[in-house]
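Proteins come first, then strands; the chains are lettered A, B, ... in the order of their sequence lines, and each starts at number 1.
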Amino acid sequence: MSALQAIQQQMLQAVLAEKAPPTNAIRSDDIADVESRLAIYRHGYRIRLRDALRTEFSGLQCMAGQRFDALLDKYIDAHPSEHYNIRWHGSGVAAFLAYARPWRDKPQLAEMARLDWAISTAFDAANETSVGMAELSSVPPDAWANLQLLMQENLQLLGSLYNIDAFRRAADNGAPRPRLRRFDQAHQVMVWRKGTTVHYRKLDPDEWPVLAAAMRGEPFASLCVTLAQHHDESAAMPRMVALLQGWLEAGLIRGLATV
Amino acid sequence: MSTCPAPSSYANNVAMAMTSTTSSGALPYLGYGLGLRVEHYESLLANPGQVEWLEVVSENYMVSGGLPLVWLDRFRERFPLVMHGVSLSIGSTDPLDDDYLARLAALAQRIEPAWVSDHLCWTGVQGVNLHDLMPLPYTEEALDHVVSRVKRVQDTLKRRILLENVSSYVSFADSQLTEWEFLAAIAERADCMILLDINNVHVSAMNHGFSSLDYLRGIPVSRVHQFHLAGYEEGEKLIIDTHDAPVSNAVWDLYVEAVRRFGRVSTMIERDDNFPPLAELMAELEHARQLAEPLLRDAA
Ligand SMILES: [Fe+2]
């Protein structure tokens, strides 16, 4: 190991550790001792990561309340940052909360972190085009059965048993913390970006299997079959029209293709 | 057009900035600028005042799409831009991050900045990122290491870069050179330029007990191409470079000495936290102009 490498590794350990192991690599003088010099770097590392994570996980902050800072500190201690962009340290928070005690006993926290992180990644995902009504209505009637709706690549579906969207909405609007609700069945929250604005909303129970099928690239005929499992024949058709209109308005469809 | 800063000199600066990106020769002089921060997006576009150029933090725009790049393009239409990175980690003993360099090069291609800068430091090792500007030991070994990496970065970006002196709180027993000897040697041997942060010179001088004037005198005049001005916080024993306060009197005094020595150098106020209204930063920038211009006129 080179001398430079050795110094950098010692510094790294001194910053990550609670207390610095003694080192004679660093000069001490009348101005300040080694320990107070290192403390500045150690303190700065934690503050910077905490600030960056706070910005990305506003829903989690709302849900965790007073436990939020302790939760961040445990995560920061357990996982040194690896990405040059400090924001990206947020990519591991949901997984950490899902396995680490005591948080794994409160699965709503990991689910909340997943929503926050999905919103964060959608914010600067690649720009995509979106299809309008004119394009869709120009598809000839006999081509619809094999029509493929190409959905936005930045579109994400997150399953949850809790009202996570309500916590994020409260954080976004500066509203008081909502009551935690647990549903009997998992529902889906959709996260996507239209233009430069990130949106999220809970999907209706009949909407998500259809949307999921579209995201898998299934043709329109099979989307209709999926929807028909939730409605009788007379209701399915107008419901499908309403779904399509909603998706177009939300800018969810980036293109059309044929299977 | 009425809201543009000094239209004729502005157009001139844009023209100079544009030509500089295609030649390996002299970098343009841009005048008095600010670091672009999200907090001031709206107010700066609405009222650019006498701000002549902007420095953008490269990493904030090394993204795939969305709002950051929309804002960046808006500012690109109105101001000459320079790119300032915090994660190059030029001094690390980990390999240079090729993905990072590719994204940096792509951003430079997109916005054609007047120049690209980062810091003379390391930000992590063994795959861990400390998100801090860690100082190097000032040794021959570190010198060789950094010089070879600056050359590689400059080859990749096809331009000379500027390296900035950082504020530091530790120094190493191994160091054989002073900080300014080290910085000067890197600039000469790697053929790169220097971004001199006047505040950081002062902070490090106080923390390590050297003379900030010795520092200035040790830096070759021809290498300095940009000044940063910023504020710090008094700690218990050390002073902390927070870049979150107004420029201190000591730093204004040192700036005057720097202008005397280095002459006409593009200057900006760098505020990273505790953001005041834009007007306060503009007033600080105006103060820099008022201090420097009479000296520069006398010298001419
Ligand atoms: Fe600086």
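- At most 12 non-hydrogen atoms from other residues, nucleotides or ligands lie less than 6.0 angstrom from CD of B:Q109.
- Few gaps surround CG on B:D155; more than 12 heavy atoms of other groups in view lie less than 6.0 Å from it.
- Between the side chain of A:R48 and the backbone N or O of B:H131 there is at least one donor-acceptor pair closer than 3.5 Å.
- The neighbour count for B:Q176 CD, taken as heavy atoms of other residues, nucleotides or ligands under 6.0 Å away, is above 12.
- Proximity of A:N127 to B:L69: side-chain heavy atoms (C-beta onward) are nowhere separated by under 4.5 Å.
- When heavy atoms are compared at a cutoff of 4.5 Å, B:H145 approaches chain A solely by way of its side chain, counted from C-beta outward.
- Within a 6.0 Å sphere centred on NE2 of A:H199, other residues, nucleotides and ligands contribute more than 12 heavy atoms.
- A distance of 4.5 Å separates CE of A:M11 from CZ of B:F172, quoted to the nearest 0.5 Å.
- Looking at B:T139, neither its backbone nor its side chain comes within 4.5 Å of chain A, counting heavy atoms on both sides.
- You'll find the side chain of B:S87 stays beyond 4.5 Å of the side chain of A:N85, heavy atoms only.
- Neither the backbone nor the side chain of B:T123 has a heavy atom closer than 4.5 Å to any heavy atom of chain A.
- With chain B as partner, the option from A:I26, A:I40, A:V15, A:D29 having the largest number of non-hydrogen pairs under 4.5 angstrom is A:I40.
- Residue A:H89: no heavy atom, backbone or side chain, is found under 4.5 Å from chain B.
- Neither the backbone nor the side chain of B:S89 comes within less than 4.5 Å of any heavy atom in chain A.
- For B:Q126, the part lying near chain A is the side chain, with the backbone staying farther off; criterion is any non-hydrogen pair under 4.5 Å.
- Ranked by non-hydrogen atom pairs under 4.5 Å with chain B, the options A:L12, A:V198, A:D124 are led by A:D124.
- Contact between B:K237 and A:S36 at its shortest, heavy atoms only, is NZ-OG, 3.4 Å.
- B:R103 is listed as a side-chain neighbour of A:Y84, based on a closest heavy-atom distance under 4.5 Å.
- To the nearest 0.5 angstrom, B:W122 atom CH2 is 9.5 Å from A:I7 atom CD1.
- Of the listed residues (B:N60, B:V170, B:D174, B:I240), the greatest number of heavy-atom pairs within a distance under 4.5 Å of chain A belongs to B:V170.
- Counted within 6.0 Å of NZ on A:K202, heavy atoms from surrounding residues, nucleotides or ligands total more than 12; the atom is thus considered enclosed.
- The neighbour count for B:M206 CE, taken as heavy atoms of other residues, nucleotides or ligands under 6.0 Å away, does not exceed 12.
- In plain terms, the two heavy atoms of A:Y41 and B:S168 that are nearest each other are OH-CA, 3.6 Å.
- Heavy-atom neighbours of A:E249 CD from other residues, nucleotides or ligands within 6.0 Å: at or below the threshold of 12.
- Residue B:L67 holds its CG atom at 7.5 Å from OG1 of A:T197, rounded to the nearest 0.5 Å.
- Remark: the backbone N or O of B:M134 is not paired with any side-chain donor or acceptor of A:Q8 at under 3.5 angstrom.
- Side chains of A:S2 and B:E141: a donor-acceptor N/O pair is present below 3.5 angstrom, by distance only.
- Contact count versus chain A (heavy atoms, under 4.5 Å) is highest, among B:D97, B:T93, B:D94, for B:T93.
- A:R37 contributes a side-chain N or O that, together with a main-chain N or O of B:N207, makes up a donor-acceptor pair within less than 3.5 Å.
- The two residues A:A126 and B:S64 make their nearest non-hydrogen contact at N-CB, 3.5 Å.
- Using a 4.5 Å cut-off between heavy atoms, B:L238 touches chain A through its side chain atoms alone.
- Between the CD atom in B:E59 and the NE2 atom in A:H83 there is a gap of 10.5 Å [rounded to 0.5 Å].
- Heavy-atom distances place the side chain of B:V70, and not its backbone, under 4.5 Å from chain A.
- With a threshold of 4.5 angstrom between heavy atoms, A:N24 approaches chain B through N, CA, C or O but not through any side-chain atom.
- Only the backbone of A:A125 comes within less than 4.5 Å of a heavy atom of chain B; no side-chain atom from C-beta onward does.
- For the set B:D132, B:V63, B:V128, the count of heavy-atom pairs under 4.5 angstrom toward chain A peaks at B:D132.
- When heavy atoms are compared at a cutoff of 4.5 Å, B:L136 approaches chain A solely by way of its side chain, counted from C-beta outward.
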